[in-house]
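Worksheet for the structure shown next.
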4 protein chains.
Amino acid sequence: MKLVNSGAAPELRGPGRPRDEEARRRILDAAIELLEEVGFSSATVDAIAERAAASKATVYRWWPNKASVLTEAFRETWAPNLAFPETGSLRQDISEQLRNFSAFLITRKGRLLAALVAGAQQDEEIATALREIWIVPLRTASGKVLGRYRASGELAVDVDVVQDLIYAPFYYQLLTGYKPITAAYADAIADAVLAGVMRRKP
Amino acid sequence: MKLVNSGAAPELRGPGRPRDEEARRRILDAAIELLEEVGFSSATVDAIAERAAASKATVYRWWPNKASVLTEAFRETWAPNLAFPETGSLRQDISEQLRNFSAFLITRKGRLLAALVAGAQQDEEIATALREIWIVPLRTASGKVLGRYRASGELAVDVDVVQDLIYAPFYYQLLTGYKPITAAYADAIADAVLAGVMRRKP
Amino acid sequence: MKLVNSGAAPELRGPGRPRDEEARRRILDAAIELLEEVGFSSATVDAIAERAAASKATVYRWWPNKASVLTEAFRETWAPNLAFPETGSLRQDISEQLRNFSAFLITRKGRLLAALVAGAQQDEEIATALREIWIVPLRTASGKVLGRYRASGELAVDVDVVQDLIYAPFYYQLLTGYKPITAAYADAIADAVLAGVMRRKP
Amino acid sequence: MKLVNSGAAPELRGPGRPRDEEARRRILDAAIELLEEVGFSSATVDAIAERAAASKATVYRWWPNKASVLTEAFRETWAPNLAFPETGSLRQDISEQLRNFSAFLITRKGRLLAALVAGAQQDEEIATALREIWIVPLRTASGKVLGRYRASGELAVDVDVVQDLIYAPFYYQLLTGYKPITAAYADAIADAVLAGVMRRKP
DNA sequence: ATCTAATCGAGACGGTACGTCGAGTCTTCCC
DNA sequence: GGGAAGACTCGACGTACCGTCTCGATTAGAT
């Protein structure tokens, strides 16, 4: 007879050796490290397994393919620690957020975002993960605050469009390397988005 | 209009069989076709060579690797689409350009840009090619026109920032798939960039 | 007769999937077949792998290059033919051995020896393999028997020289195609070597 | 009007530039040099052409394939400068010849012979050349002298067999590298062939 | 205290693409 | 028309990565 775990324990286990959680962690950590070092398609499964001191079989027992490993590695590693500020001033909120965002992008994790976006082009799983773990949470968080400005009439255009305008330039720079991402750049974008690029009629 | 080089030979050729320009075209065409049919990473060099009725050796004589072939193929396909309109009205110029740009991005060929940006994250060669072949020429073309508006005072912010604001959202959507790219979206971006997102004081 | 290793494990194996001995056999068999069908330089590794239902990677995991595969395939095929007769009569031993040797050389497999010797001229690896796998074992086997005749005084010259005299002519014919190799030729060589070519003084 | 070369001129010529005999020589010399340096199959046509400061087209205009070039190179270079001595003594004739032969084999040209034999296994043209320019002339020369000893009864076995016995061991050593070729070796072979390997009855 | 079953590291396997190299052909310009 | 230069097709080579597999060795719960 089988007992149902009282309370929370979701995973009822039969006999046999249980999954080695430490190995799982080592694999995910190795995956992240390699991604940061060599990029998406150069992070081979062999290399991940070797660095994790695990075997390829273990990798493929728990993930159906390379993309899934990387996807889960992203999910686990990524705490989207980019709370949207709420100072009461629209200008200040956006300005602060963009400075924080640009500071984040130039960290190692920021570069990882580039690898993630790249991976998303080749693999739908990664594309989904990108949206779920990063794009949507970020927009939801900022959307709440911006929504209030929109409701109050202080914001003249739809929240979605505002979000595109303020965030997209940083992705663009991150992915094309056209210009370096700096605090000054963040300010320039914030100002231009808020006031528009056309001269105001006097 | 095309200027004829006065005097100096346009391309002085040494001895030896000249490069077979037709083969070059066949290879690039085959590359584009395969890119559209099966995507970036499934377009193999063998398949390109076979479809082009060329040999792999010829491919590798002129391009150092698979990525270079695909990059150049992409550039050749896109070259005609660089024109920036010049109607005299800043609003209309930007609006038209963004409609054209968005129309292009949703074609199959447009989707290739995503693959190219992805490739650039792992391969510095592609990154360089992307900048030199695509980013810079596009910005130069639009920069000329926008520069005049800036000089006349009609444009209140630097040309570079304007370019980031108007183009980046489309890259963002292309790469994240968050929202579909449509003509309406192009208009919304154009309007918001021109007027700013903040309510105007009456 | 085979000795069983007392005590110690005959072949202590580390962890990991053991080598697939069947695949090894299939590869060597395929190599021999192709060698016989199309010759040394037309037997490609791709063809060997395909016929063996193996992958090229497996071939190259165990042999450093094409020549090594073919060399080992050759050795495996020839291993049974090394026996040197021992009838008690020097004349008969040599005569029988040369008839066997000549009979072998004119089979298709025998012709492979020519290819092997040719390969050895350009590839030190093949040269080494040829010596270690073929030349030396053959001479060792015949050397044991001839050594006894030498010790008993029946043989008037050094074993090494005798071996050169009896075997070399067959290599010579095999490689130059000057004369066909027949049983009669084998007998003629045997007689001449034993008695010498000079008329005996009465 | 065209003058006929007085005397010998065998080749009446059409219009156009005549064949560049110097280029022909350079190609053949380069072929021989490369053969000596790197062996038969590593002497590529590209390398030959480059060393000869000629073009591949010139090579292929005059020779149908790589083997033919090498064949002709052999023929041109090779003066079979191995006259068979005729001292009146069978023993001395053979002894001297084998010393000369062994001295020849350890020169660069001797090593070339190994390449030639190797090439003969892959190419019938080379095999024919080997016989025509080397094997047959050498045997013909020695056959004349040996024939007289055979007629006088001093030689107890057929000339062909004698030739095989005295020459073959040197080819064997040349091609297998089993033992070094020295004057002492030559003497040992000569003695054994003349007297036979069996103990003489008292 | 076994027995059973699932997991682990190690590493070989089939498959498939990559990028390189040699043979032999062809094309252009120069003499 | 010959010759140097050099591009071309064809096809084999040897390498690398993916995802699968098969070992012996562990490690639990079930008996």
Side-chain angles (χ1 to χ4, degrees), chain A residues 2 13-20 22-23 41-47 49-50 52-67, chain B residues 13-20 22-24 41-47 49-50 53-66, chain C residues 13-20 22-24 41-47 49-50 52-66, chain D residues 13-20 22-23 41-47 49-50 52-67:
Chain A
K2 235 173 195 171
R13 248 194 18 250
R17 180 173 177 174
R19 175 169 186 179
D20 183 345
E22 234 181 85
S41 74
S42 296
T44 70
V45 176
D46 285 272
E50 189 185 345
S55 81
K56 266 207 301 181
T58 302
V59 176
Y60 281 104
R61 185 187 310 280
W62 300 110
W63 295 276
N65 51 45
K66 172 180 155 177
Chain B
R13 201 146 47 57
R17 178 174 179 174
R19 175 170 185 178
D20 184 344
E22 241 180 77
R24 181 175 163 279
S41 66
S42 295
T44 73
V45 176
D46 284 272
E50 189 184 343
S55 82
K56 250 198 323 177
T58 301
V59 176
Y60 281 105
R61 187 190 310 282
W62 299 108
W63 294 275
N65 50 46
K66 171 181 154 176
Chain C
R13 198 146 50 57
R17 178 173 176 173
R19 177 170 185 177
D20 184 344
E22 240 181 78
R24 181 176 163 278
S41 66
S42 296
T44 72
V45 176
D46 284 273
E50 188 185 345
S55 83
K56 251 199 321 177
T58 300
V59 176
Y60 282 105
R61 186 189 313 280
W62 298 110
W63 294 274
N65 51 48
K66 171 181 154 176
Chain D
R13 259 203 359 259
R17 179 174 177 176
R19 174 170 186 179
D20 183 343
E22 234 181 85
S41 75
S42 297
T44 70
V45 176
D46 285 273
E50 188 185 345
S55 80
K56 266 207 300 183
T58 303
V59 176
Y60 281 103
R61 185 188 310 281
W62 299 111
W63 294 276
N65 51 45
K66 172 181 156 178

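Naming: A, B, ... by sequence-line order, numbering from 1 per chain. These numbers were taken from a predicted model, which means no experiment stands behind them.
Using a 4.0 Å heavy-atom criterion, one finds that D/Ala53 contacts the sugar-phosphate atoms exclusively.
Atom CG in C/Asn65 sits about 17 Å away from atom P in F/dA12, given to the nearest Å. If you measure from atom NZ of C/Lys66 to atom C1' of F/dG14, you get 12 Å, rounded to the nearest angstrom. One interatomic measurement links the two molecules: CZ of C/Arg61 to P of F/dG14, which rounds to 16 Å at whole-angstrom precision.
OP1 or OP2 of E/dC8 has at least one side-chain nitrogen or oxygen of A/Trp62 nearer than 4.0 Å. Residue A/Tyr60 places none of its side-chain N or O atoms closer than 4.0 Å to OP1 or OP2 of F/dT20. Of the side-chain N and O atoms in A/Thr58, one or more sit less than 4.0 angstrom from OP1 or OP2 of E/dG9. Residue B/Arg19 places no side-chain N or O under 4.0 Å from the OP1 or OP2 atom of F/dG6.
Judged by distance alone with a 3.5 Å cut-off, a donor-acceptor contact links the side chain of C/Lys56 to the base of F/dG14. For A/Arg17 against E/dT7, a side-chain-to-base donor-acceptor contact under 3.5 Å is present.
Looking at every heavy atom in both residues, C/Ser55 comes nearest to C/Ala49 through C-CB, 4.0 Å. D/Asn65 approaches D/Tyr60 most closely through the heavy-atom pair CA-CE2, 3.9 Å.
Summary of the strand contacts: B/Ala57 and C/Ala47 both lie near DNA chain F, and taking for each the nucleotide with the nearest heavy atom, the more 5' one is attributed to B/Ala57. Map B/Ser55 and C/Asp46 each onto its nearest nucleotide of DNA chain F; the residue landing nearer the 5' end is B/Ser55.
Remark: B/Arg24 is not positioned above the aromatic ring of B/Trp62, lacking an NZ or CZ atom under 6.0 angstrom from the ring centre and at most 45 degrees off the axis.
Closest approach to the D/Asp20 side chain among F/dG3, F/dC17, E/dC13 is made by F/dG3 (side chain taken as heavy atoms from C-beta onward).
Interatomic distance, OG1 of B/Thr44 versus CD of B/Glu50, reported as 8.5 Å (0.5 Å rounding).
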